[in-house]
Every structure is written in C-alpha cells, then in structure tokens.
Amino acid sequence: MINTQQLRQEQTEKAQQIILTDQFTAPTYIAGADVGFEDGGAVTRAAIVIMHYPSFDILEYQIARIPTTLPYIPGLLSFRECPALMAAWQLIKQKPSLIFVDGQGIAHPRRLGVASHFGLLVDTPTIGVAKSRLCGIDKSVNEEMGSKEPLMDKNEQIGWIYRSKKKCKPLYISPGHKVSMEGTLQWVELCMKGYRLPEPTRWADGIASNRRLFEQLNKNKL
DNA sequence: GCGACAG
DNA sequence: ATCTTGTCGC
C-alpha cells in the first residue's frame, strides 16, 4: 500500500531545502538524465549522459536498470524515478557540474519535481526540462523560436514556457536545485542545437528510450 | 463536486 | 512512459 499523504508531506519538507541561486561557475561538463521503462513497466531504466560544454561531445553515459517500485502518480514522479537515477549516478565516473533532468523542477504542486528532488539527493545543480505542463497557468507562447513566457502559479513564477523550436510544442523549464530562474533559461538556451530538446536532454532521452538510432549515432559521435 | 494531471 | 509503420505537413 502506498501512503501518498506521507510522500506529499515528505516533499513539502524537502522543498524547503531547495536552493534557487547559481552555486556554480560555467560548467565544463553538463549531464542529461532521463528514465524509461521495460517489461511493461516492471523495470525502470535510467540513463545519464555526460557531455563537454560547449562542444557537446559525449564523454560518458551509463544506464542502470532496477525493479520498478511505484506506479506513476502525478506529482509523485520523483519517488518512482529517483532510485534508478541514483543507481545510474553511482556508475558515472565523471561527475557533471550541472544536470538537465527530464521532468519538472520547482514547477510542481509542492515545488519539488523530480529535477529538484534528484539535485538535492546528489547535491548538484539541476534544471528541469519537461515536455508538458504539470501545474501553473498554461499561457500561449509566441510562434517565434526563442519566445518565452513566465510559468506562473499562485502568483509566483515557477519556471518558463519556452518555444525552443518553431512549429513545436513549447518546453516547460524550471529551476531544479542551485540554479536561478534566469540561469535556468540561460543554460537551456546555450544548449539548444536546432532541435526541440536541449542537447543533454535530447541524448539522455534517446539513450533511455533504447532506440537503436541513438546507439548508431553514438558510434559516430564517440 | 469536477476537472487536471511531469513520465 | 510504452505498444509501433507509414505518412501528412512544413
């Protein structure tokens, strides 16, 4: 039996520890982290990719597989994915100075999305890059690439709605841990290379999805 | 009470 | 998230 009440309470308390200031200098190594599932959801697979900035050369990537412990419950995603992310993190040899996590940062009902939660666990700056909205007012964004609107919730900014590419659904980015609201937008912009997703997230996404396409692309890039 | 709801 | 080929649109 899952005590969701208790988990929500735990998030509320941990959220108090999230730092929203840039506690790092220009990163040399940036990581992308994402999670996928196998066996109909029975196995959770986490992938972390380490890239050099600004060349975006892939230095290392690790994949961890562990049994899935919780079902997907909106708002409690971090409890489902962090165990696998931690497993992948322990396999990584080159620790990054900034991590792009697939999912929300503080743009969360209790201000502790998976990006914030994971950043807190590994004590590393993180940015949440989500492909859809969890909470906050879904304002429409200008069609032009690079356009953005503050993502507001309860009268405060919790992130940005960012048009990373024309004719594509906008991204919902938010500070995870130790990154400011401005730094969040800045780093995402610096990591864009013409695709909807910033490089770290794009590669972590491809590897976590286990696409042979990416496995092939890896050969060319490594 | 009703609708919304990261991956 | 995942099951999955071709296909319509820019």
Side-chain angles (χ1 to χ4, degrees), chain A residues 2 4-5 7-8 10-12 14-15 18 32-48 63-88 99-121 126-139 143-145 151-154 158-177 184 188 194-198 200-214:
Chain A
I2 305 167
T4 58
Q5 275 302 328
L7 294 180
R8 279 191 263 268
E10 188 179 325
Q11 284 184 323
T12 302
K14 283 187 178 178
I18 294 297
D34 191 24
V35 173
F37 296 90
E38 301 175 1
D39 214 17
V43 174
T44 302
R45 174 184 53 233
I48 294 182
I63 296 175
R65 294 181 174 76
I66 66 172
T68 300
T69 54
L70 292 180
Y72 166 66
I73 303 173
L76 297 179
L77 182 66
S78 63
F79 292 103
R80 173 176 164 83
E81 304 193 337
C82 279
L85 287 173
M86 287 303 287
I99 310 171
F100 279 50
V101 180
D102 188 273
Q104 313 290 350
I106 62 171
H108 175 280
R110 290 167 293 286
R111 305 295 182 260
L112 196 85
V114 62
S116 298
H117 200 152
F118 184 57
L120 196 51
L121 292 177
T126 59
I127 288 176
V129 180
K131 293 181 283 298
S132 59
R133 184 195 66 88
L134 172 60
C135 69
I137 302 173
D138 202 353
K139 206 164 180 292
E143 201 61 49
E144 299 307 307
M145 171 196 288
L151 175 56
M152 305 296 289
D153 185 44
K154 295 175 180 173
I158 57 175
W160 303 90
I161 305 178
Y162 177 65
R163 182 80 68 185
S164 54
K165 185 179 181 183
K166 273 190 176 182
K167 298 301 178 183
C168 283
K169 301 299 294 180
L171 257 30
Y172 297 76
I173 61 181
S174 57
H177 184 49
T184 292
V188 169
Y195 297 90
R196 181 163 89 114
L197 300 175
T201 301
R202 192 169 74 85
W203 284 87
D205 212 60
I207 293 173
S209 296
N210 210 13
R211 300 173 189 169
R212 30 187 160 167
L213 173 65
F214 263 83

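What's counted below: heavy atoms across the whole structure, side chains too, no hydrogens, waters or symmetry copies. So that the names make sense, note that chain A is the first sequence line, chain B the second, and so on, each numbered from 1.
- Closest approach of A:Ala204 to A:Ala33, counting heavy atoms only: CB-N, 3.6 Å.
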Between A:Leu7 and A:Ile2, is the side-chain contact (heavy atoms from CB on, under 4.5 Å) condition met? List the steps.
CA-CA 9 Å; A:Leu7 294 180; A:Ile2 305 167; 4.1 Å; yes

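- Closest approach of A:Pro83 and A:Phe79 over heavy atoms only: CD-O, 3.6 Å.
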For nucleotides 1-3 of chain B, tabulate all protein N/O to nucleotide N/O atom pairs closer than 3.5 Å, reporting atom names and distance.
none

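- Heavy atoms only, all atoms of each residue included: A:Val129 and A:Phe100 are closest at CG2-CD2, 3.9 Å.
- Shortest non-hydrogen contact noted between A:Val35 and A:Ala46 is CG2-CB, 4.1 Å.
- In terms of the salt bridge (charged side-chain N to carboxylate O under 4.0 Å, His left out) criterion, residue partners of A:Lys131 (sequence neighbours excluded) are, by chain and number, A:Asp102, A:Asp205.
- A donor-acceptor pair is defined here as one N or O able to donate and one able to accept, closer than 3.5 Å; no such pair exists between the side chain of A:Thr184 and the backbone of A:Ile127.
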Short heteroatom pairs, N/O only, protein and nucleotides 5-7 of chain B, under 3.5 Å:
unit_1 : atom_1 : unit_2   : atom_2 : d
B:dC5  : OP1    : A:Arg133 : NH2    : 2.8
B:dA6  : OP2    : A:Tyr72  : OH     : 2.5
B:dA6  : N7     : A:Gly75  : N      : 3.1
B:dA6  : N6     : A:Gly75  : O      : 3.0
B:dA6  : N6     : A:Leu76  : N      : 3.4
B:dA6  : N6     : A:Leu77  : N      : 3.1
B:dA6  : N6     : A:His108 : NE2    : 3.4
B:dA6  : N1     : A:Val114 : N      : 3.1
B:dA6  : N3     : A:Gln104 : N      : 3.1
B:dG7  : OP1    : A:Lys131 : N      : 2.8
B:dG7  : OP2    : A:Ser132 : OG     : 2.9

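- DNA chain C contains no stems of three or more consecutive Watson-Crick or G-U pairs with both distances under 3.5 Å.
- For A:Asp153 against A:Cys135, the heavy-atom pair with the smallest separation is OD2-SG, 4.2 Å.
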Report the C-alpha separation of A:Thr12 and A:Arg8 in whole Å, then their side-chain angles, then the decisive distance to 0.1 Å, and conclude whether the side chain to side chain donor-acceptor pair (under 3.5 Å) test is met.
CA-CA 6 Å; A:Thr12 302; A:Arg8 279 191 263 268; over 6 Å; no

Quick one: side chains of residues 165-172 of chain A, donor-acceptor pairs under 3.5 Å with protein atoms, not counting sequence neighbours, listed by atom name and distance.
unit_1   : atom_1 : unit_2   : atom_2 : d
A:Tyr172 : OH     : A:Asp138 : OD1    : 2.8
A:Tyr172 : OH     : A:Asp138 : OD2    : 3.2

Criterion ring-ring contact (aromatic ring centres under 6.0 Å, His included) on A:His177 and A:Phe118, from CA distance to verdict
CA-CA 9 Å; A:His177 184 49; A:Phe118 184 57; over 10 Å; no

Strictly under 4.0 angstrom, non-hydrogen atoms only: write out the protein contact profile of nucleotides 5-10 of chain C, one letter per nucleotide from the 5' end, B, S or -.
------

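- In this structure, CG of A:Asp39 is placed 13 Å from C1' of C:dC3, rounded to the nearest angstrom.
- Stacking of A:Arg65 on the aromatic ring of A:Phe37 is not recorded, the 6.0 Å distance cut-off and the 45° axial limit not both being met.
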